[in-house]
Undergrad: 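Below are the C-alpha cells for one structure; questions will follow.
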Amino acid sequence: MRFRLNWRNVWLIWQREVRDQFRDRRMLFLIFVLPLLLYPLMGATFLQLAQFVQETPTTVLVLGRKHLPPEPPLFDLRQRTFHPQWFDRPEDAPLLRVQFLEDTVPVRRLDSRTLEQLVRRRLRTGQVQAALVFSPGGNADSGAEATAPARRFPRPQLLYYSAKRGSQVAHRRLWAVLRNYRTGVVRHYFRQNGLSERLLEPFQLNEQDLADQPLRQAAVWSAVFPFMLLIWGLTGAFYPAIDLCAGEKERGTLETLLCSPARRSEIVWGKLLTVMLFSVLTVVLNLASVALTGAVVVAQVPEAVRGIGPPPPAAVFWVLLALLPVAALFSALCLALAAFARSSKEGQYYLMPLFLVALPLVILPMSPGVELSLGNSLIPVSGIVLLLRAAIEGDYAQAARYVLPVVFVTGVCVWLAVRWAVDQFNRETVLFREGERLQLGLWLRHLLRDRDQTPSVAAALLCAVLILLLKFFLGLSVSLRQASVPVMIVTVQLVAVLLPAGLMTVLFTSSPRKTLLLQLPRPAAVPMAVLLAVVLHPVVVAVAQVVETLYPLSPEMKQAARALLEQVPGGPRRLLLLALLPAVCEELAFRGFILSGLRHMGHRRLAIVLCAVLFGMIHAVVQQAIVAALVGVVLGYITVRSRSLLVPVLFHATHNALSLSHEQLAQLWQRLGGPQWLLRTAAEGELEFTAPVVLVSGLLAAAVLWWWRSQPVEPTPEEELLEALAHQEEPASAPA
Amino acid sequence: MVEGSPGARSGKRPGRFLVPLPAGGFGAGESMIQVRQLAKHYFDLRLGRIEALRGISFDAYAGEIFGLLGANGAGKTTTLRILATLLQPSGGTATVGGYDVVRQPALVRRQIGYVSANTGVYDRMTAREMVEHFGRLYGLEQRVLCRRIDELFERLQMREIAELPGAKMSTGMKQKVSIARALVHDPPVLIFDEATVGLDVVVARSLLQIIGTLRESGKCIVFSTHIMREVERLCDRVGIIHHGRLLALGTLEELKRHYGHEDLEDLFYHLVAESGSGAARHEGELPAPEQASSLARSEAERPCDSV
C-alpha cells in the first residue's frame with residue numbers, strides 16, 4: 001500500500017511544538033520582543049548619530065589668502081568661515097570653519113618646504129580636517145588661449161586626509177564650496193567684461209518625475225522589503241529549527257517522539273509548519289516594527305528621509321504573499337540542517353554557511369541591470385525577489401509573465417528541501433550521531449580502513465569537490481602558462497578528472513570493478529546507447545539554444561570559445577581529444593565513482609540528478625553547465641539501467657562527436673541537396689535543426705528511453721530499504 | 001496480536017538454553033517478539049567497523065519479563081532500539097506482534113511502549129500534557145484518554161506531579177512520566193532499556209514493582225540491565241549478551257543448573273571468560289575481565305534492590 005500522510009498527526013505535532021515554543025522565553029524574546037525593540041532603538045540611535053555627524057563643524061587651514069582677488073570674496077573674515085553665498089545652504093557656513101595659517105605662524109620667515117610640512121602635520125594630527133593652499137602665479141593648465149584674469153588667478157591646492165572620517169566630511173564640504181566659488185569667479189569676470197551671465201547657462205533643464213508619490217515610495221520599498229523578507233525569514237526559521245531538532249536531541253526527547261506512531265514524515269511536517277509559523281511571524285513583526293519606526297522618523301525629520309513615505313498597502317500585500325514560499329523554503333532547509341546538528345551550539349555553526357549561500361541569491365537581484373526575465377526568474381530565491389520587486393513597483397504585466405516559472409522553481413526547491421529534511425529524519429546516522437569530533441585525518445583513515453565495495457556518499461561528494469577544485473586551479477595554471485589547447489585538455493582530463501576518481505577508487509573501495517561498473521552490458525544496450533545519443537542530439541541542441549536565449553552568452557566569450565576550439569587539430573585527433581577522452585574520463589569519475597557513492601543515499605533518482613548537477617558544475621560556462629546537467633540526467637539513467645560504464649561512455653562520445661561535426665554535417669547535407677526545412681546551415685557554418693526534426697527526434701528519444709526503462713535495475717540496500725518503507729502497510733490496519 | 005501467553009515463571013513455557021544458539025532459531029508462532037540472527041554493525045572513525053550485534057536470536061512471550069543482561073556496550077541498547085524501530089538492523093530479522101521492524105515500523109510502534117534511561121520529558125510540558133499528547137498520537141478518543149490518564153496517574157502515584165512541568169521534575173518523576181507515556185495506549189509489548197539507571201534505591205524499587213504488576217496484566221516485557229539482582233528478582237527468562245553475542249538463554253534456574261553456578265554473577269563471569277578473546281569486537285575495546293569488573297561495580301552501587 002502506498003504511503004500517505006496522516007494530517008491529524010501533523011496537526012498534533014504542530015500544536016505541541018507551537019505551544020512549546022510559545023512557552024520558551026528566549027524564543028519569545030528573539031521572535032517578538034527583539035524586533036519590537038530593535039528598530040525603535042536603531043531609529044533613535046540613527047537620529048542621534050545623524051544629528052551628531054551633520055552638526056560637527058570641520059576646520060580648514062588656509063594658506064596664501066593674500067593671493068586671492070578681492071572680488072568675489074571667498075571668505076567671511078568676520079565670522080572666520082567661507083562666505084555663505086558659496087554654500088548650497090547658506091546656513092551651513094558655520095560648519096566649515098577657516099583657520100588662516102598667517103594668523104598663527106610667522107609665514108614670511110618660513111620656507112615653502114617647512115610650511116608644507118607644517119600643513120601636513122596639522123592634517124595628520126587632526127588639528128584641522130583639510131587644507132587649502134593658494135600659490136601665487138598663473139594657472140599652469142590655462143594655456144595660451146586662457147584669458148588674462150585666469151592666468152593671474154592663484155593656483156589652489158586642496159589637501160585632506162582620507163583615512164579620517166572628519167577629513168572626508170571637510171573634503172566634501174570644501175569641494176562643494178570651491179565649485180560654487182569657481183562659478184562665482186567666472187560670473188564676476190563676465191560682469192567685468194560686459195558679457196551676459198546667461199552664456200554660462202545656455203539652457204535651463206526642466207525635469208519632471210512622472211511617477212506619482214505612491215509609486216515613488218514603492219520604488220524605495222521594493223529594494224528594502226525583499227531584502228528584509230529573506231534575511232528575517234531565514235533568521236526567524238533558524239532558531240526554532242535548532243530548538244526543534246538539535247534541542248530535542250540534547251534534551252533526549254527525540255527518541256520518545258521517534259517511538260510514537262507518527263511517521264518521520266509527519267514529524268517533519270509538524271516541525272516544518274512550526275518553523276514556518278515563526279519565520280512568518282518574525283518577518284511580519286520586523287516589517288511592522290520597521291514601518292512604525294520609519295513613520296516616526298519621517299514625522300520627526302522629514303528632510304532627512306525625503307521621498308520616502310509609508311509603504312503602499314499593495315506592497316505589504318505582495319510581501320505577505322511572497323512570505324509563504326520563502327518561509328517554507330528556508331524552514332525546510334533550516335530543519336534539515338538542524339536535524340544534522342547534535343546540539344544547539346553545533347546547530348548555530350550551520351547558520352553562517354546557510355547565510356553565505358543565501359546572501360548572493362538575495363544580493364544578485366539588487367545589482368544594477370538585473371531585471372525580471374525568464375532566465376532570472378528560474379534562479380531560486382533571486383526569482384522571488386525580482387518578482388516581488390516588480391509587483392511592489394506596480395509592474396503587474398511584467399510580474400504576471402513570470403509568476404509561473406518563479407512558482408515552479410520555488411515549488412521544486414521547497415519540495416526538495418522537505419524531502420531532504422524527511423530524509424535526515426530517516427537516517428539513524430544523523431539522529432543518533434555520536435559526539436565524536438570530525439577530524440579529516442581520522443575520517444580519511446576510516447574511509448581507507450573500512451572501505452566497502454562501493455564508495456560512501458561522503459567519499460563521492462569529496463571526489464566531486466576535488467574534481468571541481470583541481471579543474472579550476474589546473475585550468476587556470478595551464479592557461480596562464482599559455483600551454484597549447486590540446487595539452488590543456490589532456491592535462492585537465494587526466495589530472496583533474498581521472499586522477500582523483502581513480503585514486504579514490506583504489507584507496508576507498510574494495511571493488512573497483514563494481515564501483516566503476518567495469519562490466520559488459522547486455523549486447524542490445526550498446527547500439528541503444530549510440531542510438532539514444534543520435535536521436536537525442538537535435539533535442540539537446542534545441543535545449544542549448546533555449547538556454548542561450550534565456551541566459552545570453554557574451555560575444556567575447558563566444559569568440560574566445562571559438563578561438564580555443566580552432567586551436568585543436570582536426571580529424572581523428574580532434575575526436576580523440578574532445579569526444580573520446582572526456583567521455584572516458586568524465587564517465588569514470590561521474591557515472592562511475594560518484595554515482596556509485598551517491599546511490600547509497602537510498603534515492604536512485606535523486607542520486608542521478610545530484611550526479612548530473614555535479615557533472616554540470618565542472619563545465620566552466622554556466623550555459624554549457626545547464627545543458628551538461630540535463631544530459632547528465634540521461635547519462636545517469638542509462639548507467640543505472642545498464643549497470644555498465646561502457647553505455648554512458650558510448651553515449652557521451654557519440655554526443656560529443658556529433659556536436660563537433662556540425663560543420664561537416666551541414667556541408668554534407670548541402671552536397672546531398674537535402675531540404676532546408678529539415679536541416680539549415682546557420683551563421684558560422686553551424687547546423688540548425690528545424691522544429692519538425694527536433695519534434696521527431698524527441699519522440700524517437702522517448703521511445704528509446706522507454707526501451708531503457710524496461711531494463712532491470714540493481715537496487716542498493718539503502719534503495720531497497722527506502723522502497724520498502726515507502727510501501728509499508730497503513731497503520732490504520734493495525735489492531736486497536 | 002498474541003495475548004495471554006502464560007509466563008515462564010508458571011512453568012508452562014520451558015526456557016531455552018542455548019550455547020551456541022541454533023541458526024534456525026525457534027519455531028514458536030505465538031511469541032510476541034521474534035528475533036532471528038539479528039546483526040548490527042556501524043562505523044566508528046577511530047575504531048573502525050564495530051560489530052554491535054553478531055546474529056542474536058531469541059523470543060519473548062506475552063505475560064513474561066524477558067531480561068537482557070550484559071555489561072555496558074554488550075549490545076543491549078542496540079537490540080532494543082532495533083525492536084523500537086529506532087535503528088535499522090544490518091542483518092537478520094525481528095518482528096514485534098507479528099510485524100517486521102524494518103518493513104512495518106509504523107505498525108510495530110503501535111505495539112510497543114518504550115522506556116529508556118535517556119527517554120526525555122519535555123521541559124515545558126506538564127506530566128499530564130505530555131501523556132495526553134502521546135495518547136492523541138496513538139489515536140485515543142478524548143474521553144477514553146482522560147479515563148486512561150486518570151487510571152495511570154493513580155496507579156503510578158503521579159497525581160501530585162500531574163501539573164508539574166518537566167523542567168521541575170526529579171529523575172524519578174520523569175521516569176514515571178515516561179512509563180505513563182509508554183503505557184497510555186495499553187501496548188502488548190513493553191521495552192525497558194536500563195530504565196533504572198540514575199534512579200535512587202526507593203524509586204528504582206518502585207519502578208521494578210510497577211514492571212512486576214505489568215507482567216500480571218499479560219504484557220510481554222523486555223527488560224535490559226547490567227544489574228544482576230534486578231534480573232534475579234524480576235525476570236522470567238534471561239538472555240546473557242556479551243560483545244554482540246547471546247551467550248546463554250533460559251530461565252534462571254535452567255542456566256544455574258546447566259552451568260553449575262548458584263550465583264548469577266559467577267555464572268556471568270564464567271560465560272564471559274568462556275566466550276574468550278574470540279568475542280572481542282575490536283582490539284581497541286576493553287578486555288572481557290574489565291567488562292566483568294564493571295558489572296561488579298554496578299552491582300555494588302545498588303546494595304538493596306529487592307522487588
Side-chain angles (χ1 to χ4, degrees), chain A residues 3 6 8-9 11-13 15-16 19-24 247-264 266 426-429 431-432 434 436-439 441-443 445-447 449-450 452 456 717-718 721 724-725 727-736, chain B residues 1 41-50 81-82 84-88 90 97-100 102-125 129-130 132-134 136-140 165-167 174 177-178 181-182 185-186 188 191 193:
Chain A
F3 156 83
N6 182 345
R8 189 178 172 276
N9 282 349
W11 166 249
L12 285 172
I13 289 165
Q15 250 186 338
R16 197 212 74 77
R19 190 169 50 182
D20 206 44
Q21 292 302 311
F22 274 111
R23 286 177 180 177
D24 184 1
E248 283 229 49
K249 282 188 197 176
E250 265 179 338
R251 294 187 289 267
T253 47
L254 190 63
E255 224 177 38
T256 313
L257 187 60
L258 295 175
C259 284
S260 78
R263 290 169 189 271
R264 305 287 160 93
E266 290 156 8
N426 269 319
R427 290 184 191 284
E428 60 188 55
T429 47
L431 298 173
F432 299 101
E434 291 294 323
E436 196 166 23
R437 222 159 26 128
L438 179 67
Q439 290 173 4
L442 265 182
W443 181 64
R445 211 170 68 191
H446 153 71
L447 285 180
R449 181 190 52 206
D450 308 316
D452 210 343
S456 65
E718 293 84 0
L721 177 68
L725 283 176
H727 290 86
Q728 64 179 299
E729 285 172 46
E730 289 293 311
S733 63
Chain B
M1 183 168 76
H41 68 256
Y42 59 91
F43 289 99
D44 180 275
L45 285 187
R46 211 170 288 276
L47 301 173
R49 185 180 161 113
I50 302 279
R81 278 185 169 175
I82 290 173
T85 74
L86 292 171
L87 295 180
Q88 300 283 344
S90 312
Y99 298 111
D100 189 280
V102 176
R103 293 176 189 280
Q104 298 161 300
L107 294 174
V108 169
R109 286 198 286 269
R110 289 188 167 271
Q111 306 290 311
I112 61 167
Y114 180 75
V115 180
S116 80
N118 303 326
T119 304
V121 167
Y122 290 106
D123 283 351
R124 299 186 283 266
M125 281 179 104
E129 281 173 345
M130 182 155 164
E132 197 174 334
H133 171 66
F134 280 90
R136 284 190 186 145
L137 279 176
Y138 280 104
L140 298 183
K174 283 183 180 174
V177 176
S178 284
R181 191 257 312 149
H185 58 300
D186 197 18
I191 297 171
D193 181 18

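Naming convention: chains lettered A, B, ... in sequence-line order (proteins, then strands); numbering from 1 in each chain. Values reported hereafter were calculated over all heavy atoms of this structure, with side chains retained and with hydrogens, waters and symmetry mates removed. This is a predicted model, so every value here is computed, not measured.
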Undergrad: Considering residues at least two apart in sequence or located in another chain, which fulfil the salt bridge (charged side-chain N to carboxylate O under 4.0 Å, His left out) criterion with R8(A)?
TA: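 Per chain and number, R8(A) pairs via salt bridge (charged side-chain N to carboxylate O under 4.0 Å, His left out) with no residue.
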Undergrad: Strictly distance-based, threshold 3.5 Å: is any side-chain N or O of R124(B) a donor or acceptor partner for the main-chain N or O of R23(A)?
TA: no
Undergrad: Using the ring of Y122(B) (Phe, Tyr or Trp, six-membered ring only), decide whether R16(A) places NZ or CZ under 6.0 Å from its centre and within 45 degrees of its axis.
TA: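 The answer is yes; both the distance and angle limits are met.
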Undergrad: Locate the shortest heavy-atom distance separating L258(A) from R109(B); write the atom from each residue and the value.
TA: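 Taking L258(A) first and R109(B) second, the nearest heavy atoms are O-CD, 3.1 Å.
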Undergrad: Is the shortest heavy-atom distance from the side chain of D20(A) to the side chain of D123(B) under 4.5 Å?
TA: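 Not touching, per the 4.5 Å side-chain cut-off.
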Undergrad: Just so I know, are the side chains of H133(B) and Q15(A) near enough to count as touching, which here means a heavy-atom distance under 4.5 Å?
TA: no
Undergrad: Search all heavy atoms of I13(A) against all heavy atoms of L137(B) and return the closest pair with its distance.
TA: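 Heavy atoms only, the tightest pair is CG1-CD2, 4.2 Å.
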Undergrad: Where on L257(A) is there a heavy atom nearer than 4.5 Å to chain B: the side chain, the backbone, both, or neither?
TA: both
Undergrad: Looking at R264(A) and L86(B), what are the two nearest heavy atoms and their distance?
TA: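 Heavy atoms of R264(A) and L86(B) come nearest at NH2-CA, 4.3 Å.
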Undergrad: Going by the rule ring-ring contact (aromatic ring centres under 6.0 Å, His included), which residues pair with H185(B) if we only count those two or more places apart in sequence or in a different chain?
TA: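 H185(B): ring-ring contact (aromatic ring centres under 6.0 Å, His included) contacts with Y138(B).
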